[in-house]
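Since the model is a prediction, treat every value here as computed from it, not as a measurement. Both counts, for ligands and for their atoms, begin at 1 and track the order of listing.
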Amino acid sequence: MSHLRARISGIASAVPPDAVTNEDMRSFMETDPKWVLQRTGIRQRYWAREDAEVTTAGLGAEASRLAIERAGIRRDELDMIIFATLSPDAVYPGSGCFLQEHLGIEGIPAFDLRQQCAGFLYGLSMADLYVRAGQCRHVLLVGSEIQSKALDKSTRGRDVTVLFGDGAGAAVISAVEVQDADPRTSKESFLISHHLHADGKYATELMHRSPGTMNRIWNPDELVGAKESYPQMNGRLVFNHAVRRMPEVTLEALEANGLAPSDVDLFVLHQANKRINDKFAKAVGVEDEKVFSTIETYGNTTAATIPIGLDEARKQGRLERGMLVASAAFGAGFTWAASLYRW
Ligand code: UT7
């Protein structure tokens, strides 16, 4: 008997052409390149030109075109677009609609998710449900960010600004009939399960407040250029929660499926700090080599991080069909999630 499941049928990524090294950042703020490398593992990140033509949906479209091609489908076979970002093209409409226009597809639903670093995994769970419910055969899931345009590039903002990069990743999630749907024995390619969490008590610990209705008016003059008009983060608190929640939700996902950390072939995690990856490996009890890292080259690309990681792992020959992959993410909200899938 076969079972209807969803799988990642195509994956691709795109970044702007220019890499900004830790050293380059000294031209606009007081920053210590060694501090950044030692405390975060980041050597460089990609930043888009400060140009109105370069948009989050545009970058997402670049990755999407390739992902669609790799999935072996035509654009008009897509049934839905899910777009995860914290750096949208405009306050509204959602970047999914802008992406749709870039791709020249009409009529299918397009919506945005605002779960920041956990956005791609929240989106993956939704794509999986739509496919398994028989409502969609192919869903385009995009995580894309141009964060550089929103960062405080003065010394005041250095603790946040050095961490974030621009980039996009796109995945096509397609229906598949699998013969063996048991996650413990199957070697077929399919999404197994997703585990999502949020805790709004910490909503203000990592946020970009203005523009927004937390202000007297949407975008008050007195906040333009003030620190509230840039992303703010309580770095240590976020770090302490990330190193607890990411292992916890990964173990929750494994346990729910009767699997152990040693069964996982590759962990493709959100990338916020190399020290978080290292602590994750220790907490879950796996070798560092199993935790795939992209932080050195890309920095933290928020919703784009996991699909960029998957595409990078594919390019490096670290992913083969049938491998058991675990992804986990933690970020603003706080929101966190894990997904398990056979690649
Ligand atoms: O994806 C969303 C989730 N985000 C995260 O998970 C990020 C989690 N947090 C972190 O990764 C770390 O907390 C940070 C990398 C943000 C900070 O690392 P830390 O080791 O916790 O540093 P700290 O906050 O304790 O700051 C240490 C010092 C401060 O100086 P003082 O106040 O001790 O004199 C900072 O001003 O490091 C200073 N500092 C810098 N120094 C040189 C901050 N940024 C820089 C910089 N260059 N760029």
Side-chain angles (χ1 to χ4, degrees), residues 20-45 47 84-87 113-122 143-145 147-148 150-167 169 197-199 202-208 227 230-250 268-280 283 291 293-296 298-309 327-338:
V20 180
T21 65
N22 295 342
E23 193 64 41
D24 293 338
M25 291 189 149
R26 295 175 76 179
S27 67
F28 50 83
M29 58 164 67
E30 282 171 35
T31 172
D32 175 359
K34 277 205 203 95
W35 183 93
V36 179
L37 182 62
Q38 277 163 9
R39 300 307 292 161
T40 71
I42 299 169
R43 278 182 199 278
Q44 63 160 54
R45 71 292 289 142
W47 275 4
T85 188
L86 62 58
S87 48
L113 282 183
R114 295 173 41 110
Q115 272 61 35
Q116 300 71 241
C117 303
F120 186 80
L121 298 185
Y122 266 65
S144 183
E145 305 286 1
Q147 318 192 76
S148 57
L151 296 169
D152 182 354
K153 295 186 182 118
S154 71
T155 302
R156 178 183 64 180
R158 66 180 185 176
D159 57 327
V160 172
T161 299
V162 297
L163 305 175
F164 292 98
D166 301 338
H197 298 277
D199 189 350
Y202 300 102
T204 59
E205 302 291 349
L206 174 47
M207 88 167 167
H208 187 163
K227 69 178 175 41
Y230 298 104
Q232 301 294 312
M233 171 169 72
N234 180 345
R236 281 202 186 165
L237 183 88
V238 175
F239 186 97
N240 290 337
H241 279 259
V243 297
R244 178 158 70 92
R245 294 305 195 183
M246 284 171 60
E248 184 183 273
V249 70
T250 302
V268 181
L269 307 178
H270 178 59
Q271 305 282 302
N273 190 319
K274 177 70 169 58
R275 291 185 291 131
I276 297 179
N277 295 356
D278 296 344
K279 282 181 182 292
F280 176 93
V291 180
S293 179
T294 54
I295 186 92
E296 193 175 323
Y298 294 95
N300 181 348
T301 53
T302 305
T305 305
I306 289 178
I308 288 177
S327 287
F330 179 89
F334 291 157
T335 48
W336 62 102

Ligand 1: which protein N/O atoms lie under 3.5 Å from its N/O atoms?
| residue | atom | partner | partner atom | Å |
| --- | --- | --- | --- | --- |
| ligand 1 | 1 (O) | His270 | NE2 | 3.0 |
| ligand 1 | 1 (O) | Asn300 | ND2 | 2.6 |
| ligand 1 | 9 (N) | Gly235 | O | 3.0 |
| ligand 1 | 11 (O) | Asn273 | ND2 | 2.7 |
| ligand 1 | 13 (O) | Gly235 | O | 3.2 |
| ligand 1 | 20 (O) | Arg39 | NE | 2.9 |
| ligand 1 | 20 (O) | Arg39 | NH2 | 2.9 |
| ligand 1 | 20 (O) | Arg275 | NH2 | 3.3 |
| ligand 1 | 25 (O) | Arg236 | NE | 2.9 |
| ligand 1 | 25 (O) | Arg236 | NH2 | 2.5 |
| ligand 1 | 36 (O) | Arg158 | NH2 | 3.3 |
| ligand 1 | 37 (O) | Trp35 | NE1 | 3.2 |
| ligand 1 | 47 (N) | Asp32 | N | 3.1 |
| ligand 1 | 48 (N) | Thr31 | OG1 | 3.0 |

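The CH2 atom of Trp336 sits 8.0 Å away from atom OH of Tyr122, with the distance rounded to the nearest 0.5 Å. Note that CG of Asn273 and CD1 of Ile42 are 7.0 Å apart. Values are rounded to the nearest 0.5 Å.
The minimum heavy-atom distance between Ala242 and Pro247, with the atom names listed, is O-CD, 3.9 Å. Across all non-hydrogen atoms, the minimal contact from Met29 to Asp152 is CE-O, 3.9 Å.
Applying the salt bridge (charged side-chain N to carboxylate O under 4.0 Å, His left out) rule to pairs touching residues 24-35 yields Glu23-Arg26, sequence neighbours excluded.
Taking the six-membered ring for Trp, His241 and Tyr202 have ring centres closer than 6.0 Å.
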